[in-house]
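One structure is given here, and the rest of the page talks about it.
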Number of protein chains: 2
Amino acid sequence: MEKNYDASKFEKPSVTVDIIIFTVKNEDLKVLLVKRNVPPFENFWALPGGFVKMTESLEEAAKRELVEETGVKDVYLEQLYTFGNPKRDPRTRVITVAYFALVSWENLKLKASTDVSDVQWFSAFDVPKLAFDHKEILEYAMKRLRWKLEYTTIGFKLLPGKFTLTQLQKVYEIIFHKNLDKRNFRKKILSLGLIESTKETTEKVSHRPAKLYSFKKKIGDIVEIL
Amino acid sequence: MEKNYDASKFEKPSVTVDIIIFTVKNEDLKVLLVKRNVPPFENFWALPGGFVKMTESLEEAAKRELVEETGVKDVYLEQLYTFGNPKRDPRTRVITVAYFALVSWENLKLKASTDVSDVQWFSAFDVPKLAFDHKEILEYAMKRLRWKLEYTTIGFKLLPGKFTLTQLQKVYEIIFHKNLDKRNFRKKILSLGLIESTKETTEKVSHRPAKLYSFKKKIGDIVEIL
DNA sequence: TGAATAGTGTCTTTCAGACAATATGCC
DNA sequence: GGCATATTGTCTGAAAGACACTATTCA
């Protein structure tokens, strides 16, 4: 901290949060974008976000935006990185704290997906030109997502509460963009001891039904690394 | 981003950077602190830091602070986390972007270490009460440091350009607070293929001299994970 | 009984960890 | 030669990866 301080003495940047909201749907990784209807970057798609209010924490701001856009609470949310290049917004100095969120499609389809043209899910592998430096932010989020998937158990967060191992494997395959061996995948996931089979199975499928699994809710989420 | 924007319409938070500067000296992990001489937290020790100027990026701000406090450039610097609790500063809303830096004692002892009472190195394992939420920030930095040391090659950054394997092992032992097996440590480090032996050895020691190693400067630092 | 997906085991290779004797330079 | 530290290899257990067949349900 500076030695002398006068809050009014310095010109201050604006601070926003932007959220990268991922979900999996139709065998694809999706990201939620909103269409801008004012300059700059009018008619460009952008990450959802907004100004941080003076009385809310950064995480509260991110959660607020998340609820506004998707109607879901209690999802996985983590701070990603803070982007502060002085030229990233052509109007004025804006520093943005990026968060990334993982939601299961099943949990949110009731609400946000029924919105119309100005809020839409895009394939994370094929997004339109984005406003500001949002492309860079998205790419950073993809890196973090892959990394987390490899070294933590975060993948569950993209699925509903009960899921089959095949569904889970699919999530991994989608995000890593490569096929995985079924036996090795199951061995590894189960050896982590973080999910348990329920007594239920999938129903009304014209083939052998699969067991449904759910997370063990253990002492504190073990997602914490780093 | 918000749909409508008027830079003057919103009250804005102040934005600072704070830096956790680590070094290793006397077989201890040290962190640089500065003593505050104005309220709030007058006479408390705090992390070095300051306001982000309107025309500089966050990283530039962090580098500027780093040079001001230590006189060193070209050190390892990475963004740590952004702390934005609305109550973290009792005066006004201050959001701080924390960076952490690793410097080798040998590279900086010329300058900053000769400063007097208000800038000092403390053992990272035994710091005084800190101003604001700086204790929390420091703890987070320690976690990140341990993590990075385990999964990347970042440890080299705490040593001078040429070093012995024993010195390097010492760094790891200090930070992990436990002893490591010499043979396994050397096997692992050398298998990474990131350092190479020079033709030099330590001199004027009253025992067998050790080979000096240096980093291979490869295509881009391989420290990038996550 | 055929279609479709679920579920399962072995072998090999690689890496981490335990463990102790020899080598070298200086005095 | 004695002291102090440097340097080096083997064995064992665990985990990751390659690989193919049997089981179950429904139509």
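Chain A is the first sequence line, chain B the second, and so forth, proteins listed ahead of strands; every chain is numbered from 1.
- Taking the salt bridge (charged side-chain N to carboxylate O under 4.0 Å, His left out) definition, one finds that Arg183(B) meets it with Asp181(B), sequence neighbours left out.
- Counting heavy atoms of neighbouring residues, nucleotides and ligands inside a 6.0 Å radius, atom CD of Glu203(B) does not exceed 12 of them.
- Within the 3.5 Å criterion, the main-chain N or O of Ala46(A) finds no donor-acceptor partner in the side chain of His134(A).
- Glu150(B) has its CD atom 12 Å from the C1' atom of dA16(C), to the nearest Å.
- In this structure, Leu192(B) atom CG and dC15(C) atom C1' are separated by 12 Å, rounded to whole Å.
- When rounded to the nearest whole Å, the span between CD of Gln169(A) and C1' of dT5(C) equals 12 Å.
- Thr166(B) comes within 4.0 angstrom of the backbone, heavy atoms only, and of no base.
- Between Glu68(A) and Arg64(A) a salt bridge is recorded (basic side-chain N to carboxylate O distance below 4.0 Å).
- Electrostatic pairing of Arg88(B) and Glu136(B) does not count as a salt bridge here, judged by no charged N lying under 4.0 Å from a carboxylate O.
- Heavy-atom distances under 4.0 Å link DNA chain D to no residue of residues 172-180 of chain A.
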Practice problem: For each nucleotide in nucleotides 19-27 of chain C, reading 5' to 3', give B when a protein heavy atom comes within less than 4.0 Å of its base, S when such contact involves only the sugar-phosphate, and - otherwise. | Solution: BB--BBBS-
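- For Lys188(A), the side-chain contact (heavy atoms from CB on, under 4.5 Å) test picks out no residue, with sequence neighbours left out.
- When the salt bridge (charged side-chain N to carboxylate O under 4.0 Å, His left out) test is applied to Glu60(B), no partner is found at least two apart in sequence or on another chain.
- Looking at residues two or more places apart in sequence or on another chain, you find no salt bridge (charged side-chain N to carboxylate O under 4.0 Å, His left out) involving Lys187(A).
- Applying the side-chain contact (heavy atoms from CB on, under 4.5 Å) criterion to Ala98(B), with sequence neighbours excluded, gives Ile20(B), Leu80(B), Phe83(B), Ile137(B).
- Protein chain B contacts DNA chain D from dA4(D) to dT10(D), reading 5' to 3' and using non-hydrogen atoms of the protein with a distance under 4.0 Å.
- Aromatic pair Phe215(A)/Phe163(A): ring centres closer than 6.0 Å.
- Every residue two or more places apart in sequence or in another chain that forms a side-chain contact (heavy atoms from CB on, under 4.5 Å) with Phe44(B) is listed here: Phe41(B), Lys129(B), Ala131(B).
- The stretch residues 21-30 of chain A participates, sequence neighbours left out, in these side chain to side chain donor-acceptor pair (under 3.5 Å) pairs: Asp28(A)-Lys30(A), Asp28(A)-Ser123(A).
- Checked against side-chain contact (heavy atoms from CB on, under 4.5 Å), Lys211(B) has the following partners two or more places apart in sequence or in another chain: Ser197(B), Tyr213(B).
- The NZ-P distance, from Lys188(B) to dA18(C), rounds to 13 Å in whole Å.
- When the C1' atoms of four end pairs are superposed on the next four at each end of the helix from dT1(C)-dA27(D) to dC27(C)-dG1(D), using five pairs per end, the two resulting axes differ in direction by 10°, to 10°.
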